[in-house]
> 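Submitted below is the structure of interest, expressed as structure tokens.
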Amino acid sequence: MENHTKDSTMKVSSLNCIDLANDDLYHSVASLKQASLDCGFFYVINHGINEEFMEDVFEQSKKFFALPLEEKMKVLRNEKHRGYTPVLDEKLDPKNQVNVGDHKEGYYIGIEVPKDDPHWDKPFYGPNPWPDADVLPGWRETMEKYHQEALRVSMAIGKLLALALDLDVKYFDRTEMLGKPIATMRLLRYQGISDPSKGIYACGAHSDFGMMTLLATDGVMGLQICKDKNATPQKWEYVPPIKGAFIVNLGDMLERWSNGFFKSTLHRVLGNGQERYSIPFFVEPNHDCLVECLPTCKSESDLPKYPPIKCSTYLTQRYEETHAKLSIYHQQT
Ligand code: OGA
Ligand code: NI
């Protein structure tokens, strides 16, 4: 079988790198804009999240996935899209993944709001089903801290994105946008060898649903992007991990918002038999946010291409299209 990491013909992508500690804002915004118009993938460095802490988060993630399946099933994904997703739960590319879903396990952690918050009963807020603190001491605290830190970095990137879109620097900071976001992190463990000829993927080809995703990985190769989804055959390029950097990509919601100017690019993960851990952090605006063409992205010659849609309506639809029905698990138990 083809060994994807040793394939000498494999193409490696070179992406722009945004340095959050760089004082030359003009340079950062120009580089971000170019990356966003080209493919919507870029690296982010000097984000202020300590490397030792990052290693700690990955260690804790490994501990969770190493638990027996019965223990993980106790925190099975709920209707609010929180909790454990078993192997094959998700199928991101139904056209090419004919018989099976993604060869990965996951664990979704979202924002928790107090019971008296108006968003409490909304699909993407509410409580997380945490693993028992006796089984994984300190686990919840580590994950909550990571969630906070990644959100801080997302807000900083949000400011640069606003500038790259010729908007006010604080445009996305408002409550109806990232001031009260839907921000969901997901621990992932990939196992096994992918075989595209049989429709077997670690993670099938997809573009992300939301505004942007901050991806941290353990350094094992696997992520690929396809800049032109309409090319035949499609050309896939590996995105090599850089130690300490996030790989950031823009999602479909931002593509809609920006009237198609900023790109949400197709990507997938191929497994090479080595275990691989990653942590995507999905950033979406407020549940109630109406995603409609941004004021700076339309003109007489560029009329809005997409109808306005509420953030939660759009997301709910995308999650339902890609995840198994929860009832399949309840039939088994
Ligand atoms: C995703 C994704 C890539 C990775 O979860 O949407 O694209 O490397 N993950 O885990
Ligand atoms: Ni993705």
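Order of appearance sets the numbers: ligands from 1, and atoms from 1 within every ligand.
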> Among protein heavy atoms, which sits nearest to atom 1 (C) of ligand 1, and what does the distance come to when rounded to 0.1 Å?
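For atom 1 (C) of ligand 1, the nearest protein heavy atom comes out as His206 NE2, 3.7 Å.
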
> Evaluate the criterion ring pair (Phe, Tyr, Trp, His ring centres under 6.0 Å) for residue pair His81 and Tyr108; output intermediate values, then yes/no.
CA-CA 7 Å; His81 309 291; Tyr108 282 115; 7.3 Å; no

> Nearest protein heavy-atom contact for atom 4 (C) of ligand 1: which residue, which atom, what distance?
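Heavy-atom neighbour on the protein nearest atom 4 (C) of ligand 1: Tyr190 OH, 3.3 Å.
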
> Show, in sequence, the C-alpha distance, side-chain angles and deciding distance for Phe209 and Tyr319, and conclude whether the ring pair (Phe, Tyr, Trp, His ring centres under 6.0 Å) test is met.
CA-CA 9 Å; Phe209 316 152; Tyr319 270 80; 5.6 Å; yes

> Return yes when Pro280 approaches ligand 1 closer than 4.0 angstrom through a heavy atom, no otherwise.
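Checking ligand 1 against Pro280, which is what was asked, there is a heavy-atom contact under 4.0 Å.
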
> Compare all side-chain heavy atoms of Tyr171 with those of Leu161 and state whether any distance is below 4.5 angstrom.
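The answer is no; the side chains never approach within 4.5 Å.
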
> Can we say Arg189 and Glu275 salt-bridge, meaning some charged N sits less than 4.0 Å from an Asp/Glu carboxylate O?
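Yes, Arg189 and Glu275 are salt-bridged.
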
> So is Thr217 polar-close to ligand 1, meaning N/O to N/O under 3.5 Å?
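N/O-N/O distance below 3.5 Å does not exist for this pair.
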
> Out of Arg189, Arg276, His267, Gln224, whose heavy atom is nearest to atom 7 (O) of ligand 1?
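Nearest option to atom 7 (O) of ligand 1, by heavy atoms: His267.
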
> Any ion pair linking Lys104 and Asp102 (charged N to carboxylate O, less than 4.0 Å)?
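The answer is yes: the pair qualifies as a salt bridge.
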
> Please could you name the atoms of ligand 1 that Asp208 approaches to less than 4.0 Å, counting only its heavy atoms?
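It comes down to these atoms of ligand 1: 6 (O).
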
> Kindly say whether Phe282 contributes a backbone atom to a donor-acceptor pair with the side chain of Arg186 at under 3.5 angstrom?
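Not a single qualifying donor-acceptor pair exists.
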
> At a non-hydrogen distance cut-off of under 4.0 Å, which region of Thr213 contacts ligand 1 (side chain, backbone, both, or neither)?
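For Thr213, no heavy atom sits under 4.0 Å from ligand 1.
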
> Output yes when a side-chain donor or acceptor of Arg82 lies under 3.5 Å from a complementary backbone atom of Thr184, and no otherwise.
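Pair absent, no side-chain N/O of Arg82 close to backbone of Thr184.
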
> Looking at Pro307, is its backbone amide N or carbonyl O close enough to the side chain of Arg256 to form a donor-acceptor pair, meaning the two atoms are under 3.5 Å apart?
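Flag set: sc Arg256 to bb Pro307 pair under 3.5 Å.
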
> Do other residues, nucleotides or ligands put more than 12 heavy atoms under 6.0 Å from the NZ atom of Lys235?
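Open: at most 12 neighbouring heavy atoms sit under 6.0 Å from NZ of Lys235.
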
> Report the protein N/O/S neighbours of the Ni ion (ligand 2) that fall below 2.8 Å; do not count waters.
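Near the Ni ion (ligand 2), below 2.8 Å, one finds His206 NE2, Asp208 OD1, His267 NE2.
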
> Can you name the atoms of ligand 1, numbered from 1 with element, that are less than 4.0 Å from a heavy atom of Val269?
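Reading through ligand 1 atom by atom, the close ones are 3 (C), 4 (C), 8 (O).
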
> Please indicate whether any nitrogen or oxygen in Arg186 is less than 3.5 Å from any nitrogen or oxygen in ligand 1.
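By distance alone, the answer is no.
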
> So is there a nitrogen or oxygen of Lys104 less than 3.5 Å from a nitrogen or oxygen in ligand 1?
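In this structure, Lys104 places no N or O atom under 3.5 Å from an N or O of ligand 1.
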
> Salt-bridged, Lys227 to Asp38, with N to O below 4.0 Å?
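Between Asp38 and Lys227 there is a salt bridge, with a charged N closer than 4.0 Å to a carboxylate O.
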
> Are Trp236 and Phe41 connected into the same hydrophobic cluster when the rule is that any two of I, L, V, M, F, W, Y join if their side-chain heavy atoms are below 4.5 Å apart?
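Not linked; separate clusters.
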
> Output the list of atoms in ligand 1 that are nearer than 4.0 Å to some heavy atom of Leu188, sorted by atom number.
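Near Leu188, the atoms of ligand 1 are 5 (O), 10 (O).
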
